[in-house]
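Please read all numbers here as calculations on a predicted model, not as lab measurements. Every chain is numbered from 1 and lettered A, B, ... according to where its sequence line falls, protein lines coming before strand lines.
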Amino acid sequence: MPTIVVEVMPKAELLDPAGKAVAGALARLGHTEFANVRIGKRFELTVEGPITEATLAAARTIAEEMLSNQVIEDVISVHEAPASGASA
Amino acid sequence: MPTIVVEVMPKAELLDPAGKAVAGALARLGHTEFANVRIGKRFELTVEGPITEATLAAARTIAEEMLSNQVIEDVISVHEAPASGASA
Amino acid sequence: MRVGVITFPGSLDDRDAQRAIRLAGAEPVALWHGEHDLKKVDAIVLPGGFSYGDYLRCGAIASHSPIMAEVVDAANKGMPVLGICNGFQMLVEAHLLPGGLIRNDHGRFVRRDQMIRVENNRTDWTNKFDESEEIVIPLKNGEGGYIADKATLDRLEGDGLVTFRYLGVNPNGSLNDIAGISNERGNVVGLMPHPEHAVERGFGPNTADAMRSGIDGLRIFTSMIAKVLA
Amino acid sequence: MSRHVADTVANAAATPEKEQPFAALGLKPDEYARIREILGRRPTSGELAMYSVMWSEHCSYKSSKIYLRQFGQKVTDKMRERLMVGMGENAGVVDIGEGWAVTFKVESHNHPSYIEPFQGAATGVGGIVRDIISMGARPVAVMDQLRFGAIDHPDTARVVHGVVGGISFYGNCLGLPNIGGETVFDAVYQGNPLVNALAVGVLRHEDLHLANASGVGNKVVLFGARTGGDGIGGASILASDSFDSTGPTKRPAVQVGDPFAEKVLIECCLELYAGGLVEGIQDLGAAGISCATSELASNGDGGMFVELDNVLLRDPTLTAEEILMSESQERMMAVVKPEKLEAFLAVVAKWDVETSVLGEVTDTGRLIIHHGGEEIVNVDPRTVAIDGPVYERPVAYPAWIDALQANSASALPRATEGDELREQFLALVASPNLADTSYITDQYDYYVGGNTALAFPDDAGMIRVDEESGLGFAIATDANGRYCQLDPYEGARLALAEAFRNVSMTGAVPAAVTDCLNFGSPENPEVMWQFMRSVEGLGDACMELEIPVTGGNVSFYNQTGDQPIHPTPVVGVLGIIDDVERRVPSAWQDEGNNIYLLGVTRTELDGSAWAGTIHGHLGGRPPQLSLNDEKALAHLVQGAALEGLLMSAHDLSEGGLAQALAESVARFGIGARVWLNDIIERDGMDLTSALFSESTARAIVTVPREDDVKFVGLCEARGYPVLRIGVTDGRDYEATLHVQDVFTVPVAEIRERSNATLPHYFA
Ligand SMILES: Nc1ncnc2c1ncn2[C@@H]1O[C@H](COP(=O)(O)OP(=O)(O)O)[C@@H](O)[C@H]1O
Ligand SMILES: [Mg+2]
């Protein structure tokens, strides 16, 4: 089924303790090549029927109003998933 | 700074309670166009210096071994973020 | 005097909040998230729990419930509204209070008897405390880390809107040790610790006096009663 | 994609020779032959699915049944007095007075918790809570009994993080206070951790519900979460074989829990009960719809018709067989009168719970299931749910046990010098199994509900049932695998005795027992012998204490490779207290109270924490047990509590007097001066035994000075040995534990050592 992907990340200027914890763990395991880790969310919204401009617009609204909290997060992308459906 | 993005989603055949809760909320708010919602994670790993095949390989290993739980999740993508850095 | 306690799917401490209101001397009124009826209450408590499993962000889905429109309305008109833990998260998601609450910095759920300081005793929910009074209230959350950008933090601090601050241990990585905040008018207060679990001897937090004997939470509710009756 | 067409009854009758994968489903050739005999034809694939899951060890108790019968037979009239529902139902129900009843049960989720610790443990809590709801009760508390591998093994942290996180997540999210449990680390559990979970519920007598489908024409309704591919094969393959032979399955073996869905389901069920809208109800756990339909039908009028197409699916590709076997969580099945269906559906809709009517109760004596318009199951439900295979497995006395028992700890060197004893004392305090468990328990909410009168680290958890009268109950669970390895009969009795003692310490009166029997493979005759002896021991001890087993669970195949775990019969005891206000805490809060030791100390170091921690030794015979003494001690403490003489009471168990003192001072930072010479003189022993012996029927209590005469008088009147061994003294920074002429340790140091162990490995 056609899928819209919404990507949300914590605001860059705000603390992301979960990301920090992962970065710390990576460093302890010797993976010093990664300076920083941030953890956000990836939503897959399945749409019945084809994806139209209207569905994308609806997804954008939902992304801003519900899937993210604009006070602490940014919606960084709302896009149609490639048809191949790598993410089944 | 160059960034590697890791995307992790719950396995398709398993229940995703979070996605289910959001789908329910969307339906209650009248957004019936979205049949299904799944919620995964999106990691941004910042790399000091340029991204090489080796860093990508390291990221892939980390993605499988640490950023995801292979019993219930799939790593669906490990890729370099576009230089524009939409997600700053 | 009637105090509403809203039950959402996944609310857990709603009956505890009702008990606390009763012990404080008011009549608890059960309200249901799916309705628009506030049943003529004089004040509202958004109780703790895991509304909608807290799956998206804590309190996020609940903040879109039908009754929340009425809560926002009433709050803006000055009705005392208290958000406890998950209720605090809802107030933040509904933008009645600034900032956000994120996963504890250590990544685990934590339950502890928490010492906090009452930083502002002029709100509708804190007028029975002394200024800077140190009290013990149980805390239990997985996502209680308070965050906000610098400008917001400066404003909260500058305007005295930090209502409660953690003492001794910061249990979740909250910025500025913030345990609770209020709006400017002081009628809307949100806090992570659970005052409804410190209202009855034998079932409260440990104190220096005796185990499970702390009842500091009771005055949060009597403060509100005093305000409404004033 | 072409739709999989299920094997029909007609097809099965027409193709008797068709080969069926019964072995891959865990059925033995003779079991398969019996199914054919019962049906008079080969089973359809759907029937085979049902029989295979229902005849698995996990669901059928085929290896344990002949032994478990004792629990129902070794009973006296007194034991039946409070029993409203006994063994055999989803959970036992105990009358606690004033019209209230309590239902409780402990269950295992061991194997799933090794594969996926978080979800395994979480769904373990979810499953046991549904058992409690299905009795008509409101769940009010949970407990967790955990056994992990060696604390320093590289895999242990993975399991600990997942299991504790899963229990915390699911239990907290349900709003159920966690009031106690057990945490044990031992290399024998390395590849096979034990995750047992206990749930308790309360109900008014008239609200009791049972799992039966009666009343021809009544509707059979499935409600809750949708059915997905979760844990297909879990019941038969996971629970009847060790993990290394799971074999290929195209569906995931793990189940993902949704505590929010369960919380809503709980509230929904309670509203249905309150409205009198269900006739019978059954939770869906292992074996899913196979289990629920066959059990409901067997316990009712015997017939049921089900339209499988009506099952709401999360995954539309599921085959009929998979739907029958799916272990998707958070589902319930109810039997509803047709005239009440509308009201039923309204309540369910209010809670946003999905529902579908699957079929109805019939008087055909057959469980008939249709799919795609065809009959795919037509069986006598009793042959599926009740008359499964019963085995009398070979038992063999383990030859090694003689040598093990001969290797007594009495040969181990014992310290006599204060410095060395001080070191040993601190080593025990910091040892993984005696160290402070706050790292774990701080992740559990015990406040929710506002009725928790006691929780960890008190000896038992206690919940207030009635706010007006203060009526409540207390529960403790125990099992000492080391004792059971030395002697499974005595070990099981000791487990019961310890739980009984822990409950008694709070002032509650023990009334009922639940158990979860965790053992190795029943196909190993030595394991079967251990199992047999443990059940005998538990049955005999229950009879002696006159408290009945009301329900429980058996978990076999707990082993790493060929190496079975120590026999681990987890025993839970429920006690009743008329007014929780009179509860006795287990630690000291005040200075200046006298400390009394109740009971007699013998030199009993075999199997002790001292032998294990200081000498890495396990051998000899577990401590001697007199249940009469245990009863006398319990009566004494209850009597003293009733007269308000006790400030605290703490039983002595693992680590002996030394550990009990350490816990008592560390809890609230109250120090003590203690002397051992009176014990040594009266009971005739050395310092090591006085401190670390694990003799039973002992406790330390604190008594205000002004009540001394009364308290000692009470002990003497009852003829129970009592010695004043010290006084509480000093608080906070100055607090020390001063053992006269032996050693002095600042309480801060005890706390530091005890608190550091778990965080060191897991934080
Ligand atoms: N996993 C756990 N979950 C909840 N409580 C626990 C757990 N492990 C230990 N506890 C609690 O810690 C305390 C000490 O445990 P333990 O030493 O086994 O008690 P006892 O020796 O009295 O049986 C008890 O209150 C027990 O309930
Ligand atoms: Mg104890």
Does B:Q70 have any side chain to side chain contact (heavy atoms under 4.5 Å, CB included) partners at least two apart in sequence or in another chain, and if so, which? B:E64, B:S68, B:V75
With the side chain counted from C-beta on, respond yes when A:R42 and B:V5 share a heavy-atom pair under 4.5 Å apart, and no when they do not. no
Selection from B:I39, B:V8, B:V22, B:V6 maximising heavy-atom pairs under 4.5 Å formed with chain A: B:I39
Pairwise side-chain contact, A:E44 with B:I76, heavy-atom cut-off 4.5 Å (strictly under): yes
Applied to residues 67-77 of chain B, the salt bridge (Lys or Arg N to Asp or Glu O under 4.0 Å) test, sequence neighbours excluded, yields B:K11-B:D74, B:K41-B:E73
Considering only heavy atoms, which portion of A:I62 lies under 4.5 Å from any heavy atom of chain B: side chain, backbone, both, or neither? side chain
Taking only heavy atoms into account, what residues of residues 26-33 of chain A are found under 4.5 Å from chain B? A:L26, A:L29, A:H31, A:E33
Does any heavy atom of chain B fall under 4.5 Å from the side chain of A:A59, the backbone, both, or neither of them? both
Just so I understand: if I count every heavy-atom pair under 4.5 Å between each of A:A58, A:G19, A:A23 and chain B, which residue has the most? A:A58
N/O donor-acceptor pairs under 3.5 Å from side chains in residues 46-54 of chain B, not counting sequence neighbours:
from	atom 1	to	atom 2	distance (Å)
B:T46	OG1	A:N36	O	3.1
B:T52	OG1	B:A54	N	3.2
B:T52	OG1	B:T55	N	3.1
B:T52	OG1	B:T55	OG1	2.9

